[in-house]
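All remarks here apply to the structure that follows.
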Amino acid sequence: MALQGAAAKHRSIRGPKATRAADPAKPMAIARPLLAWYRRHRRDLPWRMNRDPYRVWVSEIMLQQTQVERVKDFFVRFIDRFPAVESLAAASERQVLRLWEGLGYYRRARQLHAAAKRVVADHAGSFPDTAAALRELPGIGRYTAGAIASIAFGRREPILEANSRRVFARLVGHDRPVGGAADEPLWQVAAAFVPVRDPGLFNQAIMDLGAIICTPTQPQCDRCPLAGLCVARATGRIAEIPAPTPRRAATLVRETAVVIRQGDRVLVERRPAGAWWEGLWDFPLAAADDKVARGDRRLASISYTVTHHRITRRVVVRRVATAPPAGRTKRFVAIAELDRLAMTAPGRRIARLLDANG
DNA sequence: AATTCGGGGTG
DNA sequence: CACCCAGAATT
């Protein structure tokens, strides 16, 4: 045991094979115990009912930087409303965004919609079935192409995302920084391990292992089917691998939203192209030099975080006698009608305040 | 290579 | 509060 640990300590990914460490040259050494574990412990997820490429695709887009538990209900509602690529392609962007509201990264929804139209128009409604062709569609990058190609089409394609990055890094003892270009060695590890047989199940199994057993903190190595092959475990470096990536400090932002109200109607604006939450509705934000008018009533102050921006939004209500002009990007709508609009997260919080306060 | 996209859950 | 999450596109 001590011998094994000492030997593993000085082994690189392509090092000698003196011990039982994971060896990319023998993919089945990983796949066999992993798939056996997966058959018993895999998560029961709504997108795993079948291998319909459309469903796999929708789930993979929703899951980008979004946790499984959060996606479940959104996925079921979305599939219920748009059961096939044709119905999604035929929908309006407004409908798609409304179903996406609250899930975040709204560009995903617009790209999903655009890709659906392209699949219908250019591929007669059937998905491209190789990773390279899938990557031509908007919103599909290296990971998502590999996931769809392997899961829906049985292609031998690797994947690397948050779970598999951690699992593979620990498995081979990859103690260098990860993320971005630094992930390339781990892509090579993933490519070496993914088996010809059942690559889709293998990829899903790696992700489930990362989500259930090989967790970021306090992994349950005693229940891991790959524990005996894991270099990080053999060398006692589980807690240090993968190396944490430095984060940017948060920037503080202050802004003021003005609820322009006449009776039970309020003014909302659509976020312009290039702005955060492009295409979603929100209350107008006061310009930096726009003094809060006399008579404005302070309604609330809400804070929220967008990546590395910490934003405090003061909300004031300004009652007006005449309705401001409407247009494609400005609408004057009854508070009760705000439900039907796809709104930004802070905008929705304000809408709920208005609803609660009458 | 670095930045920019959300939002909620967790310790 | 810090960290995390089935990443992709843009610059």
Side-chain angles (χ1 to χ4, degrees), chain A residues 42-43 45-48 55-75 97 100-112 114-115 134-152 157-168 177-184 187 190 200 202-212 214-219 242 244-252 271 273-280 282 302-311 342-349:
Chain A
R42 76 189 199 105
R43 293 176 288 181
L45 303 173
W47 47 89
R48 287 180 173 171
R55 294 170 60 102
V56 173
W57 170 52
V58 170
S59 73
E60 291 300 342
I61 300 298
M62 287 188 168
L63 285 160
Q64 289 168 3
Q65 291 290 284
T66 309
Q67 295 181 340
V68 165
E69 284 305 316
R70 281 195 48 63
V71 167
K72 285 182 180 175
D73 290 345
F74 282 93
F75 176 82
L97 279 175
W100 207 273
E101 183 194 312
L103 200 53
Y105 288 111
Y106 298 95
R107 185 170 61 180
R108 294 184 296 177
R110 286 186 292 272
Q111 289 175 326
L112 185 77
L134 285 161
R135 284 193 73 167
E136 299 298 315
L137 293 172
I140 298 184
R142 190 176 184 180
Y143 160 76
T144 305
I148 299 173
S150 63
I151 296 170
E157 294 286 348
I159 59 159
L160 196 72
E161 40 66 70
N163 291 300
S164 48
R165 175 186 296 118
R166 185 172 58 250
V167 171
F168 286 131
V178 297
D183 275 340
E184 189 54 36
W187 274 103
F202 175 88
N203 285 337
Q204 293 179 85
I206 284 286
M207 291 190 281
D208 275 19
L209 190 70
I212 300 169
C214 194
T215 49
T217 60
Q218 300 181 342
T245 56
R247 294 171 189 283
R248 267 187 62 177
T251 306
L252 300 180
R271 304 285 295 182
W276 286 349
W277 295 301
E278 174 183 343
L280 297 184
D282 200 348
I302 61 182
S303 358
Y304 59 100
T305 301
V306 178
T307 48
H308 56 277
H309 298 275
R310 294 180 45 78
I311 299 150
M343 299 193 75
T344 69
R348 180 62 71 197
R349 286 172 62 181

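Only heavy atoms go into these numbers, but all of them, side chains included; no hydrogens, no water, no symmetry mates. Each chain gets a letter, A, B and so on, in the order its sequence line appears, and its residues count up from 1.
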Item to check | dA8(C) phosphate, OP1 or OP2, under 4.0 Å from T144(A) side-chain N/O | outcome: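 Yes, because at least one side-chain N or O of T144(A) sits under 4.0 Å from OP1 or OP2 of dA8(C).
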
Item to check | Verdict with supporting geometry, W47(A) and V71(A), side chain to side chain contact (heavy atoms under 4.5 Å, CB included) | outcome: CA-CA 10 Å; W47(A) 47 89; V71(A) 167; 3.8 Å; yes

[N] versus [M] - spacing of their [atom1] atoms, nearest Å:
N       : M       : atom1 : value
dG8(B)  : dA8(C)  : P     : 23 Å
dT11(C) : dG6(B)  : P     : 16 Å
dC5(B)  : dC5(C)  : C1'   : 14 Å
dA6(C)  : dG11(B) : P     : 15 Å

Next on the checklist: By nearest heavy atom, map H308(A) and A181(A) onto DNA chain B; which one lands nearer the 5' end?
Outcome noted: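 The residue whose closest nucleotide sits nearer the 5' end is A181(A).
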
Checklist entry - If each of R107(A) and Q67(A) is mapped to the nucleotide of DNA chain B with the nearest heavy atom, which maps nearer the 5' terminus, i.e. the 5' end? => result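 With R107(A) and Q67(A) compared, the 5'-side residue is R107(A).
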
When we call it a touch if two heavy atoms are under 4.0 Å apart, what does [X] touch: a base, just sugar-phosphate, or nothing?
X       : answer
W47(A)  : base
R108(A) : nothing
Y304(A) : nothing
R349(A) : nothing
L45(A)  : base
R271(A) : nothing

Checklist entry - Relative to the ring of Y304(A), is the ring of W277(A) parallel (under 30°), tilted (30 to 60°) or perpendicular (over 60°)? => result tilted

Checklist entry - Of all nucleotides in DNA chain B with an atom under 4.0 Å from a non-hydrogen atom of chain A, which is the first and which the last going 5' to 3'? => result dA1(B) to dG8(B)

Checklist entry - How close do C214(A) and V167(A) get, heavy atom to heavy atom, and via which atoms? => result CB-CG2, 3.9 Å

